[in-house]
K.L.:
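The structure that follows is given in the form of structure tokens.
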2 protein chains.
Amino acid sequence: MGRVLRPTAKALPGHARAHNRSMVLQHLFHSGPTSRADLARSTSLTRVTVSDLVAALMAEGLVEELGARAEGKVGKPASLVGMRTQEFHVVAVDLADDAWMRGAVMTLTGDVVARRSVALDGRVGDAAVIALEDLCRDLLAAADRPVIGVGIGSPGVIDSLGTVVEAPNRDWYDVPLAADLSAALDVPVHVANDANTAALGEFTLGGAGGSGLMVLTVGQGVGAGIVVDGALVQGHRHAAGELGHVTVVDDGVDGPAPLCACGRRGCLETVLAVPALRRRLAGLDPAAADVELAAVGRVLGVALAPVVSALNLSELRFSGPRDLLDGPLLRTAQATVQQRTMPVVGADLRLGMASLGEDVALCGAAVLVLSGQLGIT
Amino acid sequence: MGRVLRPTAKALPGHARAHNRSMVLQHLFHSGPTSRADLARSTSLTRVTVSDLVAALMAEGLVEELGARAEGKVGKPASLVGMRTQEFHVVAVDLADDAWMRGAVMTLTGDVVARRSVALDGRVGDAAVIALEDLCRDLLAAADRPVIGVGIGSPGVIDSLGTVVEAPNRDWYDVPLAADLSAALDVPVHVANDANTAALGEFTLGGAGGSGLMVLTVGQGVGAGIVVDGALVQGHRHAAGELGHVTVVDDGVDGPAPLCACGRRGCLETVLAVPALRRRLAGLDPAAADVELAAVGRVLGVALAPVVSALNLSELRFSGPRDLLDGPLLRTAQATVQQRTMPVVGADLRLGMASLGEDVALCGAAVLVLSGQLGIT
DNA sequence: ATAAGTAAGGAAGGTCTACTAACAAACGTG
DNA sequence: CACGTTTGTTAGTAGACCTTCCTTACTTAT
């Protein structure tokens, strides 16, 4: 039949156990300290099973007993258990920028403990990998708690195993980054596209945990990460979210559409990327600048309306320079999307800046580890 | 934290068993008769476990022994087991048409055994439900094999439990169709949006089993069903795929954009729906008609390009009248999408008519049952 | 023709996991 | 102070899969 069968995961005997373990951790992570009995109710497991799982998690040090709950209700007072989110660290690296590799040591809640940055100084290929490895070692040394793993958000197309299929700006082609770094550092390493990590971060830590989220990252280029029905969209060739090179400007009366680095004309990047925006606004007074930003917002809205409709998104968040995005651009984009979609789709849509600010991609890299190692999303 | 926790399914003790059972059935369904040892290799379960599962499936009558394999290899010859796809029936109903309810009795491979249709004669609301129930009874009586379940593809917004949230054309609002019919007919009933069932049918039976598929249904209106990473996209309010009312035509020099039934202007339905297309072509000679169809194809391509890019789709299939769609319209749409997306995204895209033809939605309704009852996707 | 190697399928026994049932502890309430 | 309520634990049970070992049946090499 020529049909591509997806690699359906087999159900090992311990599979159910791992799933239930993740559910317990997930609840503790998102809802804070909880009693075993409450966990049992939330997960619809029995109290016995939950006690067993909690005991195992305590043995691992991931969870701790926190004493009796203060509130006075009838019956035996519950003793709370909580996740030790501050007693473990995660190393997160954001490679989105072309000039700097930015990294951080974070707690499991995404609080930054230490930062390190390294200038790329034009290094690409293997040299860039070596610089990245050094940065990771540096960060691992800076952590003073056990490190759960390393999460990396990188530009380019990256498959689900953390192999960089292609990242032209770093001259990486088919580089098994996750596997190599994991072997070199002896720590679990997870790698994903930077826009995808941004979406993941916003979804898990930024309060966008609804059902349809897209995060648009605006920097040197434009990228997008999409979370639908609770899962990151990968796409046919792991290239989902590559919105930067969709044509959005047609040749018109003003002459031909602007030329893009990719060789075609009128790509979204030629109007929305930061360099393009800065060029466009250079020398304009504020009022004229606002008009230009609104024009970009409208173009963006026209392109996003079909996507918002097709996926029935509930959240659309932006990451990038506030001074450019968070004003007429976003307002016009939102208005345009609403004008161009069904009321039920457009009215529900919430559109705004990423609540995690500059650190979205970094937080997302941390969430990548949480998700990969502990099953928390 | 205000975060909406998805209803994470708990892992029952029998959960793994059910999963493995589905995997075995899935392989037998898609790959045909297979030996137990081959099944074990494909599922990465042990031969013992597979034998056990196969024995259970044989006891249920879903699977049968087919004797030794002809091919001569070393070692003990394998005895093949196969799924008894012709010994069970599924009832499928397509409610997409405003005038007719079309139903069929099908085998598990989607072959039609019997057809029944009922004119709606303007019936809506409860009367339409009663007519549907009668049609189902009729079809159940026409089946001469055990019936696994009933699958229904209906217009409107439908949640994952098979409740019609809203279907204005039928005057259905919050009708628990699946639950009610299941109780009335004493058979499992599954209901989904007709465009979604079309996508499901094309995905499972139409050879579009890649990783990103969108099916566009063009009839009275325009709808879309999307399968990404192997799962149907539901969307925030179960309204994913509602592409018919995205604005695609702007007011221009030719005057204002055409008015849509929804009250706004320039919706996709005002150019792509069948009535609109017929009106547009009325009285034109073939050459002029082709120009018009190409113009519609271009408008469609412009709207689809961002969606194709965002999801990195690999298949884009159309269901509707061949004479209108399968010509300049599709050719131009494909060319437009390719012009307006990155080469890696657009070049990989395969675009064409649904391979299941008229029966896409019907086959999809059958797949809905296969998926819901047997875990086959 | 006979021995050796290979593969399929089944039987026995072990382990893991989560469930049910029953119970002790600790607290409000009448 | 007795009682009901809720929590968390102990003990026993059932399900599901695994590993190991065996028989069967065929191809291939000597």
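Residue numbering restarts at 1 for every chain, and letters A, B, ... go by the order of the sequence lines. These values consider heavy atoms only, across backbone and side chains, with no hydrogens, waters or symmetry-generated copies.
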K.L.:
Sort me out a list of protein N/O and nucleotides 9-13 of chain C N/O pairs below 3.5 Å, or just none if empty.
P.N.:
{"residue": "C/dG9", "atom": "OP1", "partner": "B/S79", "partner atom": "N", "Å": "2.8"}
{"residue": "C/dG9", "atom": "OP1", "partner": "B/S79", "partner atom": "O", "Å": "3.1"}
{"residue": "C/dG9", "atom": "OP1", "partner": "B/S79", "partner atom": "OG", "Å": "2.9"}
{"residue": "C/dG9", "atom": "OP2", "partner": "B/R36", "partner atom": "N", "Å": "3.3"}
{"residue": "C/dG9", "atom": "OP2", "partner": "B/A37", "partner atom": "N", "Å": "3.0"}
{"residue": "C/dG9", "atom": "N7", "partner": "B/R47", "partner atom": "NE", "Å": "3.1"}
{"residue": "C/dG9", "atom": "N7", "partner": "B/R47", "partner atom": "NH2", "Å": "3.2"}
{"residue": "C/dG9", "atom": "O6", "partner": "B/R47", "partner atom": "NH2", "Å": "3.2"}
{"residue": "C/dG10", "atom": "OP2", "partner": "B/S51", "partner atom": "OG", "Å": "3.0"}

K.L.:
Just N and O in the side chain of B/R41: are any of them under 4.0 Å from OP1 or OP2 of C/dA8?
P.N.:
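The answer is yes; a side-chain N or O of B/R41 sits under 4.0 Å from OP1 or OP2.
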K.L.:
Could you pull out all residues at least two apart from B/S182 that satisfy side chain to side chain donor-acceptor pair (under 3.5 Å)?
P.N.:
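With sequence neighbours excluded, B/S182 shows a side chain to side chain donor-acceptor pair (under 3.5 Å) to no residue whatsoever.
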K.L.:
Counting just side-chain N and O atoms, does B/T46 come under 4.0 Å of either OP1 or OP2 of D/dC17?
P.N.:
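For D/dC17, neither OP1 nor OP2 has a side-chain N or O of B/T46 closer than 4.0 Å.
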K.L.:
List for me each residue that meets side chain to side chain donor-acceptor pair (under 3.5 Å) alongside A/H89, sequence neighbours excluded, and say none if there are none.
P.N.:
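For A/H89 there are no side chain to side chain donor-acceptor pair (under 3.5 Å) partners, ignoring immediate neighbours.
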K.L.:
Restricting to side chain to side chain donor-acceptor pair (under 3.5 Å), what partner residues turn up for B/R47, sequence neighbours left out?
P.N.:
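Result, side chain to side chain donor-acceptor pair (under 3.5 Å) vs B/R47: none returned.
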K.L.:
For C/dA18, take OP1 and OP2 only and decide whether either is under 4.0 Å from a side-chain N or O of A/R17.
P.N.:
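Yes, A/R17 has a side-chain N/O under 4.0 Å of OP1/OP2 on C/dA18.
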K.L.:
Could you work out, with side chain to side chain donor-acceptor pair (under 3.5 Å) as the rule, every residue matching A/E202, not counting sequence neighbours?
P.N.:
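If we apply the side chain to side chain donor-acceptor pair (under 3.5 Å) test to A/E202, skipping adjacent residues, the hits are A/R317, A/S355.
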K.L.:
Whole Å only: how far is the CG atom of B/L39 from the C1' atom of C/dA8?
P.N.:
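After rounding, the reported distance stands at 13 Å.
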K.L.:
Where the side chain of B/V74 is concerned, which of C/dC19, C/dT6, D/dC17 is the nearest nucleotide?
P.N.:
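For the B/V74 side chain, the nearest candidate turns out to be C/dT6.
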K.L.:
Side chains of A/S31 and A/T34: donor-acceptor distance under 3.5 Å anywhere?
P.N.:
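No, no side-chain donor-acceptor contact under 3.5 Å.
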K.L.:
Is B/N20 near enough to D/dC17 that one of its side-chain N or O atoms lies under 4.0 angstrom from OP1 or OP2?
P.N.:
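Answer is yes, contact under 4.0 Å.
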K.L.:
Quick one: do B/R84 and B/E60 make a salt bridge, cutoff under 4.0 Å?
P.N.:
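Looking at B/R84 and B/E60, the cut-off is not met.
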K.L.:
Using the C1' atoms of the five pairs at each end, what is the angle between the end axes of the helix from C/dA1-D/dT30 to C/dG30-D/dC1, to 10°?
P.N.:
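If I round to tens, the end axes sit 0° apart.
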K.L.:
Measuring from B/L161:CG to B/L177:CG, what's the distance to the nearest 0.5 Å?
P.N.:
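It is 12.5 Å, given to the nearest 0.5 Å.
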K.L.:
Within this structure, what is the SG-CZ distance for the pair A/C363 and A/F203, rounded to the nearest 0.5 Å?
P.N.:
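So the SG of A/C363 and the CZ of A/F203 are separated by 15.0 Å.
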K.L.:
Atom CG of B/L53 to atom C1' of D/dG15: distance rounded to whole Å?
P.N.:
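For the pair B/L53 CG and D/dG15 C1', the rounded distance is 13 Å.
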